[in-house]
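The block underneath contains the structure these notes are about, expressed in structure tokens.
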Amino acid sequence: METESEPYVRLATLRQLHQVVANLNTARSLADTLQTVADGVTAGLGYELACVNLVRPDGDLVVAAFAGSPAAEALITGRVGSRASWERRLSMGEAWGELRFIPHTEGWVLIEDDVPQWHTDGPEPRFEDEWHPRDRLYAPMYSPGARSAHPGGPPGSGRELLGVISVDRPRNGRRPGPWGQEALQMYASQAAIAISNARLRANMQRALVRLEREQQALRASEESFRQAFEYAPSGMAIAEMGGDQHGRLLRANDALCRLLGRPASVMRRYSFADLVHPEDIGTLLRTSAEGGRAELRLARRDGTYVWVSLRNSVVADTADGPRFLLTHVEDIEERKRHELQLAHRASHDALTGLPNSAELRARLSARLCSRPHAVRSTAAGTHEVDSYDSGDYEYGEHAYRGDGFDFGASADGGAYDHHVHAVAPPGDREVDDGTKGLAVLFCDLDGFKSINDRFGHHTGDAVLIEVARRLTVGVRDGDTVARLGGDEFVVLADGLGAADAADLAVRLRNAIIPPIRVDGRAVRVGASFGIGWAECGMSVEEVLNSADQRMYIEKRSRSKVHRRAG
């Protein structure tokens with residue numbers, strides 16, 4: 001019999017406890033730890049059967065390990081008992097410290113609960129402390145130092161329940177004495193530590209595996225992005241956003257470097273603002289600030305510009321806001337050239353390359369507003385005023401009453417903040433008073449029909465091409481020479497006075513008169529010019545008709561002179 005007066009029993013118990021606790025530290029996984037806990041009970045604490053019931057995340061307990069009986073292990077391992085049934089067992093019976101002993105005399109009330117159990121039939125005890133086959137002994141395992149997650153747990157626990165060790169059939173056939181009880185309770189405490197550590201190791205291993213997988217995925221993603229960035233067939237760049245280095249290029253791929261003719265090391269010295277065409281800087285700034293897409297021109301190393309399409313994406317940092325600008329650069333030079341060619345064909349004469357009738361009307365219309373512009377002579381002098389509605393009007397310090405000219409308002413009541421009114425020199429243009437206007441010179445070739453009839457359209461076309469060239473050479477930069485149709489041309493020359501316009505008509509007429517050589521023969525054409533003036537308040541057709549009429553007057557006048565001379 002085990003008694004307090006038997007030192008050798010105490011020493012043997014401590015040795016056995018030390019050995020089985022040491023074995024707990026050799027397990028590598030949670031499953032190994034649980035099985036080692038069960039094996040330690042049968043190997044070192046003197047019981048034939050041991051079962052480890054582990055608390056699951058949902059609170060119920062599952063039979064996680066069994067030792068001592070293969071038949072019992074096969075029968076109950078993996079089975080689950082509800083938390084309520086276990087708490088009932090741990091709250092009844094005799095309290096041996098933290099152990100719970102339920103004698104066979106009370107265990108009959110537990111026969112119908114759902115806790116997995118195993119027992120063998122045997123004879124009735126012959127003396128008071130003999131073990132009965134239906135006796136039950138439980139050793140709860142509590143998490144060290146943690147408060148209970150289940151306030152309604154068994155009295156005295158005060159900590160989180162990790163599981164329960166249940167034992168059966170002591171080898172000496174007797175209920176454990178104080179030393180045996182103490183040893184089992186100490187073992188349960190050490191087993192709880194071992195299980196907590198095993199769980200921690202398992203969680204750490206899972207976290208490390210997950211972290212490694214995430215890092216591998218990140219490395220794979222970065223490598224995928226790097227390859228997609230570096231080997232993309234079109235240009236790509238990464239630029240800074242914000243701070244003193246806003247817009248500076250951090251990386252440029254090979255395709256962008258080839259497109260702009262600049263090495264990557266040089267590209268990092270620039271921002272797109274340094275490379276963009278001056279006329280496209282506003283478009284770039286809007287796109288850089290808001291993301292999105294834009295079409296603009298970038299400078300090559302040789303000083304030429306290439307049309308590109310920029311697609312920007314702002315790469316944001318959740319903590320600091322926008323950080324980088326990812327830019328996709330596509331070469332659209334060919335498409336833009338095609339578009340410009342189409343636009344040029346739509347607005348220019350196919351034979352001469354001059355602006356056609358539609359383009360001429362568009363340019364002329366852009367200079368005219370719907371408000372007539374008048375020049376009013378008063379006692380105070382000659383003043384330019386807008387018309388019309390009835391009432392008073394003012395000019396400078398002078399107030400006038402008359403037909404109701406109204407300064408500075410458009411037909412719909414708005415103001416001409418940026419419009420410069422097109423005005424005509426006053427009078428019959430014989431006296432130049434210094435007024436400058438938009439002159440419209442209507443040119444009709446003399447003798448062209450006979451060239452077409454005699455030599456054919458090939459020669460006629462050559463004559464038209466040469467006349468277009470001579471007119472273009474004879475005007476200033478910024479003036480417009482357009483082919484209205486047939487042998488009719490129109491010149492728009494802004495900022496001319498009456499005398500200037502007359503001199504220009506003479507110079508152009510003299511430039512056209514010299515012989516034109518076509519296929520080895522020389523042909524001549526003359527030209528008649530009519531000078532009209534574009535004025536706000538006139539329609540485009542009114543302006544052209546005015547110049548056309550003056551041209552016909554000029555043509556008839558010159559025809560009479562030639563007849564008298566003949």
Side-chain angles (χ1 to χ4, degrees), residues 279 344 347-349 352-376 382-387 407-408 410-411 415-444 467-485 488-512 527-551 554:
E279 295 177 2
H344 187 272
S347 61
H348 286 72
D349 177 52
T352 63
L354 296 178
N356 60 18
S357 175
E359 179 67 11
L360 170 68
R361 285 172 164 80
R363 295 186 185 184
L364 190 52
S365 177
R367 284 298 316 277
L368 301 176
C369 68
S370 60
R371 297 285 294 179
H373 198 78
V375 178
R376 176 64 58 84
T382 299
H383 305 283
E384 296 179 359
V385 294
D386 287 341
S387 65
F407 275 84
S410 64
Y416 290 117
D417 294 334
H418 306 289
H419 179 71
V420 178
H421 284 295
V423 299
D428 57 4
R429 282 70 174 177
E430 294 179 355
V431 178
D432 189 348
D433 65 350
T435 302
K436 306 295 184 182
L438 175 58
V440 181
L441 282 65
F442 199 107
C443 171
D444 183 78
V467 169
R469 187 193 69 80
R470 294 180 181 184
L471 289 173
T472 302
V473 171
V475 300
R476 304 165 302 174
D477 291 340
D479 291 346
T480 295
V481 178
R483 183 186 178 197
L484 194 60
E488 295 177 335
F489 298 85
V490 173
V491 176
L492 303 182
D494 201 4
L496 298 185
D500 298 329
D503 290 343
L504 177 60
V506 171
R507 290 199 308 273
L508 294 179
R509 182 184 299 112
N510 292 337
I512 293 173
S528 297
F529 282 85
I531 304 174
W533 298 91
E535 297 184 70
C536 287
M538 298 176 65
S539 68
V540 170
E541 294 305 322
E542 288 174 339
V543 173
L544 294 177
N545 288 338
S546 172
D548 186 24
Q549 291 172 6
R550 293 180 180 275
M551 182 275 298
E554 170 71 13

- prompt: Does the pair Leu544 and Gln549 meet the rule for a side-chain contact (heavy atoms from CB on, under 4.5 Å), with working shown?
  reply: CA-CA 9 Å; Leu544 294 177; Gln549 291 172 6; over 6 Å; no

- prompt: Hey, is the main chain of Gly497 close enough, under 3.5 Å, to the side chain of Asp500 for a donor-acceptor pair?
  reply: yes

message: Measuring only between side-chain heavy atoms, which start at C-beta, is Leu484 closer than 4.5 Å to Arg361?
response: yes

- prompt: If every non-hydrogen atom of Leu368 is compared with every non-hydrogen atom of Met538, which pair is closest and at what distance?
  reply: CD1-O, 3.5 Å

query: Taking only residues two or more places apart in sequence, or in another chain, which ones meet Arg469 in a salt bridge (Lys or Arg N to Asp or Glu O under 4.0 Å)?
result: Glu466

Flag side-chain contact, heavy atom, 4.5 Å: Val491 against Thr480: no

Minimum side-chain heavy-atom gap Cys443-Ile512 below 4.5 Å: yes

query: Quick one: do the Arg483 and Thr352 side chains pair a donor with an acceptor below 3.5 Å?
result: no

query: Looking at side-chain heavy atoms only, is the closest gap between Leu471 and Val473 below 4.5 Å?
result: no

task: Could you tell me which non-hydrogen atom of Leu360 sits nearest to which non-hydrogen atom of Ala482, and how far apart they are?
output: CB-CB, 3.9 Å

field: All salt bridge (Lys or Arg N to Asp or Glu O under 4.0 Å) counterparts of Asp503, not counting sequence neighbours
entry: none

field: Test side-chain contact (heavy atoms from CB on, under 4.5 Å) applied to Leu438 and Trp533, step by step
entry: CA-CA 6 Å; Leu438 175 58; Trp533 298 91; 5.7 Å; no

query: How far does NE2 of His344 sit from CD of Glu359, to the nearest 0.5 angstrom?
result: 9.0 Å

task: Output, in order, the C-alpha distance, side-chain angles, deciding distance and verdict of side-chain contact (heavy atoms from CB on, under 4.5 Å) for Val543 and Leu364.
output: CA-CA 9 Å; Val543 173; Leu364 190 52; 3.9 Å; yes

- line: Residues at least two apart in sequence or cross-chain that pass side-chain contact (heavy atoms from CB on, under 4.5 Å) with Asn510, listed by chain then number, are Val506, Ile513

- line: Taken to the nearest 0.5 Å, the spacing of Met551 CE from Ser546 OG works out to 12.0 Å

- prompt: About how many Å separate CZ of Arg363 and CZ of Arg367, when rounded to the nearest 0.5 Å?
  reply: 13.0 Å

field: Partners passing side-chain contact (heavy atoms from CB on, under 4.5 Å) against Ser539 (at least two apart in sequence or in another chain)
entry: Glu541, Glu542

message: Evaluate Asp479 against Asp477 for side-chain contact (heavy atoms from CB on, under 4.5 Å), listing each step before the verdict.
response: CA-CA 6 Å; Asp479 291 346; Asp477 291 340; over 6 Å; no

For Thr472, side-chain contact (heavy atoms from CB on, under 4.5 Å) partners two or more places apart: Leu354, Val481

query: Got a sec, which residues hit side-chain contact (heavy atoms from CB on, under 4.5 Å) with Ala505, two or more places apart in sequence or on another chain?
result: Leu441, Phe529, Ile531

query: Is a donor on one side and an acceptor on the other found under 3.5 Å between the side chain of Arg550 and the backbone of Phe442?
result: no

message: Any salt bridge linking Lys436 with Asp494? Criterion: basic side-chain nitrogen under 4.0 Å from a carboxylate oxygen.
response: no

